[in-house]
Amino acid sequence: MKKAFSVLAVFFLLFAAGCEKQKTEQATPPCAPTSFTSKIKAVWNGIEMTAELTQNAAEDFTLQFLTPQALSPLSLTYQNGLCSVKYNDLMFETELDRFPQAEMGALIIHSISDAVQGIDIQTTCSDGIWTYTGTGERGAFSLTRNAETGEWIELNVEGAKLKVNFSDFKVK
């Protein structure tokens with residue numbers, strides 16, 4: 001009887017260890033989409049605005065402003081460290097650090113890129129939400145995603161006084 005009990009005890013220990021390993025494997029963030037569109041509502045330095053964010057490839061983002069009305073003709077395209085600025089018929093390219101108005105979009109795309117690449121990022125999952133925390137050029141940031149769908153939910157960059165909420169997320 002003791003021998004049977006010992007065998008059952010070993011079986012349950014091995015089974016429990018296998019379950020623990022399975023939990024660890026499931027605790028991996030879903031792959032981030034490299035092509036999506038999302039509406040965003042941003043508050044930056046006390047100014048509220050809305051825009052559509054499109055990611056076309058790993059380092060190719062476009063931010064088309066919707067509100068306020070004065071910004072609605074503005075479109076920013078970020079590729080390889082350069083920002084193409086288009087406002088109605090006016091268009092020019094600039095380095096990201098030379099055009100402060102492009103900083104909000106740069107903060108968003110750098111946070112997403114850092115989270116996806118895992119560059120100095122801490123990840124945690126709680127209640128179906130993945131949280132990525134790290135430090136960027138403007139200080140600490142946190143970025144959240146839905147654990148099931150992989151959709152971005154919210155970005156906070158404390159040093160830049162930026163808060164972004166994502167909605168209508170669609171993978172392309």
Side-chain angles (χ1 to χ4, degrees), residues 27-68 70-72 74-87 92-172:
T28 303
C31 291
T34 56
S35 182
F36 69 85
T37 61
S38 177
K39 301 279 191 236
I40 65 167
K41 179 181 176 183
V43 178
W44 186 40
N45 290 320
I47 301 168
E48 187 174 307
M49 56 196 82
T50 60
E52 182 173 89
L53 177 66
T54 302
Q55 182 179 8
N56 298 308
E59 296 295 323
D60 179 358
F61 292 84
T62 300
L63 189 62
Q64 174 65 55
F65 287 88
L66 304 173
T67 64
L71 286 180
S72 64
L74 179 63
S75 175
L76 306 171
T77 301
Y78 301 87
Q79 292 178 316
N80 304 320
L82 290 177
C83 180
S84 297
V85 179
K86 184 175 180 186
Y87 189 90
F92 63 94
E93 282 189 353
T94 185
E95 292 178 13
L96 293 178
D97 59 353
R98 300 191 83 188
F99 188 64
Q101 292 79 355
E103 182 184 25
M104 184 192 81
L107 289 168
I108 295 169
I109 64 166
H110 287 302
S111 298
I112 290 173
S113 294
D114 288 354
V116 169
Q117 294 173 16
I119 300 171
D120 296 325
I121 299 294
Q122 299 292 323
T123 57
T124 57
C125 187
S126 178
D127 298 326
I129 304 294
W130 278 100
T131 302
Y132 301 81
T133 54
T135 304
E137 294 176 12
R138 293 290 297 265
F141 71 88
S142 68
L143 180 63
T144 57
R145 301 176 63 195
N146 183 300
E148 284 186 37
T149 64
E151 297 176 4
W152 300 112
I153 299 171
E154 185 177 88
L155 168 67
N156 286 296
V157 183
E158 293 174 23
K161 299 179 184 171
L162 173 65
K163 181 176 181 174
V164 177
N165 291 302
F166 298 84
S167 64
D168 299 330
F169 195 93
K170 295 179 181 92
V171 177
K172 297 195 311 178

With a 4.5 Å cut-off on side-chain heavy atoms, are [Y] and [X] touching?
X: N165; Y: S167; answer: no
X: F141; Y: D114; answer: yes
X: F61; Y: Q79; answer: no
X: M49; Y: L71; answer: yes
X: P29; Y: Y132; answer: yes
X: T77; Y: L63; answer: no
X: Q55; Y: S35; answer: no

Just checking Q117: does its CD atom have more than 12 heavy atoms from other residues, nucleotides or ligands closer to it than 6.0 angstrom?
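Count over threshold, so yes.
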Just wondering, are more than 12 heavy atoms of other shown residues or ligands nearer than 6.0 Å to CG in N45?
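Enclosed.
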Roughly how far, to the nearest 0.5 Å, is [atom2] of [Y] from [atom1] of [X]?
X: T135; Y: I119; atom1: OG1; atom2: CD1; result: 12.5 Å
X: C125; Y: W130; atom1: SG; atom2: CH2; result: 5.0 Å
X: I109; Y: C83; atom1: CD1; atom2: SG; result: 8.0 Å
X: K41; Y: T67; atom1: NZ; atom2: OG1; result: 9.0 Å

Criterion side-chain hydrogen bond (donor to acceptor under 3.5 Å, both in side chains) on E154 and N156, from CA distance to verdict
CA-CA 7 Å; E154 185 177 88; N156 286 296; 3.1 Å; yes
Closest contact, heavy atoms only, [X] versus [Y]:
X: Y78; Y: G105; answer: OH-CA, 3.2 Å
X: L107; Y: L155; answer: O-CD2, 4.3 Å
X: S111; Y: L143; answer: O-CD2, 3.8 Å
X: E93; Y: L82; answer: OE1-CD1, 3.8 Å
X: P33; Y: V171; answer: CB-CG2, 4.1 Å
X: S142; Y: T133; answer: CB-CG2, 3.8 Å

Short question: side chain of [X], backbone of [Y] - any donor-acceptor pair under 3.5 Å?
X: R145; Y: E151; answer: no
X: T62; Y: T54; answer: no
X: S75; Y: Q64; answer: no
X: N146; Y: E148; answer: yes
X: T131; Y: T144; answer: no

Would you please classify the geometry between the F166 ring and the W152 ring as parallel, tilted or perpendicular, with 30° and 60° separating the classes?
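Ring orientation, 0 to 90° scale: tilted.
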Run the side chain to side chain contact (heavy atoms under 4.5 Å, CB included) test on W44 and V164 for me, step by step, so that the C-alpha distance in whole Å, both residues' side-chain angles and the decisive distance to 0.1 Å come before the verdict.
CA-CA 8 Å; W44 186 40; V164 177; over 6 Å; no
Given K172, which of N56, T34, T37 fulfils the side chain to side chain donor-acceptor pair (under 3.5 Å) condition?
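Checked N56, T34, T37 against K172; only one passes side chain to side chain donor-acceptor pair (under 3.5 Å): N56.
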Yes or no on side chain to side chain contact (heavy atoms under 4.5 Å, CB included) for T50 and K39, after CA distance, side-chain angles and deciding distance?
CA-CA 7 Å; T50 60; K39 301 279 191 236; over 6 Å; no
Decide yes or no on side chain to side chain contact (heavy atoms under 4.5 Å, CB included) for K170 and D168, but give the supporting numbers first.
CA-CA 6 Å; K170 295 179 181 92; D168 299 330; 4.2 Å; yes
